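Data first, discussion second: the structure below is written as structure tokens.
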Amino acid sequence: MEMNFESILLPGIDAKRPLVIAGPCSAESEEQVMTTGRELAANGVKIFRAGIWKPRTKPGGFEGVGMVGLPWLQKLKAETGMYTAVEVATKAHVEAALAFGVDMLWIGARTTANPFAMQEIADALVGHENLPVLIKNPVNPDVELWVGGIERIYRAGIHKVGVIHRGFSSADKTIYRNVPNWHIAIELRRRFPNLPIICDPSHIGGRRDLIQPLSQQAMDLGFDGLIIESHCNPDAAWSDAKQQVTPSALKEILANLVIRDTVKTTEDLTDLRHQIDEIDDKILEILAKRMRISGEVAQYKKENSMSVLQAGRYDEILTKRSEQGASMGMSPEFIKEVFEAIHAESVRKQMEIINQ
Ligand code: PEP
Ligand code: MN
């Protein structure tokens, strides 16, 4: 579906990267909202985020203060001039947020993963075409589900759409709370070059010390903005305490970012890109040759009634090649992934031949 996105920038917010949205994971009390918000405003933050309704993995946790928190945001806005943003997951949330003058909505990762919920929100948004809406990636690394969510909101007449990249659930233990899988956000950029991408290093990292490097990575990838959880007293936060930073720590993180905005292609770069194109041609030729030979192996296996998968051989290839790759200065994980992909395709092709 063809989508022509409009700018999500609200009046008075300049287009300079990064667009910054900051505030606590959850609104907890009027005092916490006002104290955090005042400090953020003094540090130049123009959009205040706070969760009012919190989707929790298990019942019994802090599920957000609910409606009582909305007047706090209104008060902060009146006093500081900051715009406000909250997460919505139902029609009732949308209606309540709009009734209290919330300026921007975002849709959480668990909600984007649910098409019924997305459609309910989209229907509730009809008639509010001036409202910017940010759509977080679904919890699972499924770019189509993310695009589907974007389309539902767009079809409701909301064209001021942006996305938030907050990482993905994974069964593997990693340093991240949610693995970044940057290539999924990059794929979205490839398909929709005008769709603003905001990175959420707080939910990707899950840890204070990862906010800076993740924010820098997002900027280096050309993302448009950052949504960062900030709390006046992070250790005492009622949700996501480990990943929240004080407004002054946030100020420092932002001041340390290096923003590289040059897109001009220099002569040197043209030459280097040429070399890369030639190497890619060679990689393709060699891969095709490998697949042809693998086909001949399949023919041999068929004639000699051998099984396609020779586990010992597979193990040998993976181990040997990852070690070799490491000795050549590449990451063994990367080489393992490459060879796993080549091997999977090779096995698929051999099965085809053997079953012919
Ligand atoms: C949040 O922004 O506080 C939140 C609940 O995030 P996510 O939907 O990314 O888990
Ligand atoms: Mn949070």
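Every number for a ligand or one of its atoms is a count from 1 in the order of the listing. None of these values were measured; they are calculated from a predicted model.
Between Glu296 and Arg292 no salt bridge is recorded (no basic side-chain N to carboxylate O distance below 4.0 Å). For Lys16 and Asp224, the salt-bridge test fails: no basic side-chain N is under 4.0 Å from an acidic carboxylate O. Looking at Glu340 and Lys336, a side-chain N of the basic residue comes within less than 4.0 Å of a carboxylate O on the acidic one, giving a salt bridge. For Glu87 and Lys136, the salt-bridge test fails: no basic side-chain N is under 4.0 Å from an acidic carboxylate O. Between Arg177 and Asp240 there is a salt bridge, since at least one side-chain N of the basic residue sits less than 4.0 Å from a carboxylate O of the acidic one.
Gln243 and Arg207 are not linked by any side-chain donor-acceptor pair at a separation below 3.5 angstrom, with hydrogens and angles left out of the test.
The Mn ion (ligand 2) lies closest to atom OE2 when only the N/O/S atoms of Glu229 are considered.
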Check against salt bridge (charged side-chain N to carboxylate O under 4.0 Å, His left out), Arg208 and Asp235: CA-CA 11 Å; Arg208 253 163 244 162; Asp235 287 328; 2.9 Å; yes

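Listed by atom number, the atoms of ligand 1 under 4.0 Å from Gly108 heavy atoms are 8 (O). Remark: ligand 1 atoms within the under-4.0 Å shell around heavy atoms of Arg110 are 7 (P), 8 (O), 10 (O). Distances below 4.0 Å separate heavy atoms of Arg49 from the following atoms of ligand 1: 1 (C), 2 (O), 3 (O).
Considering both main-chain and side-chain atoms, Glu87 never comes within under 3.5 Å of ligand 1 through any nitrogen or oxygen pair. Ligand 1 has a nitrogen or oxygen under 3.5 angstrom from a nitrogen or oxygen of Ala109.
One option in Arg166, His203, Glu229 has a heavy atom closer to atom 10 (O) of ligand 1 than any other, and that option is Arg166.
Nearest to atom 6 (O) of ligand 1 among the protein's heavy atoms is Lys136 NZ, 2.9 Å. In terms of protein heavy atoms, atom 3 (O) of ligand 1 is closest to Lys54 NZ, 2.8 Å.
Note on ligand 1: Cys25 sits in its first shell, one or more heavy atoms being nearer than 4.0 Å.
Each of Leu9 and Val45 belongs to its own hydrophobic cluster when Ile, Leu, Val, Met, Phe, Trp and Tyr are linked at side-chain heavy-atom distances under 4.5 angstrom.
Expressed to the nearest 10°, the angle at the Mn ion (ligand 2) joining OD2 in Asp240 with SG in Cys25 is 100°.
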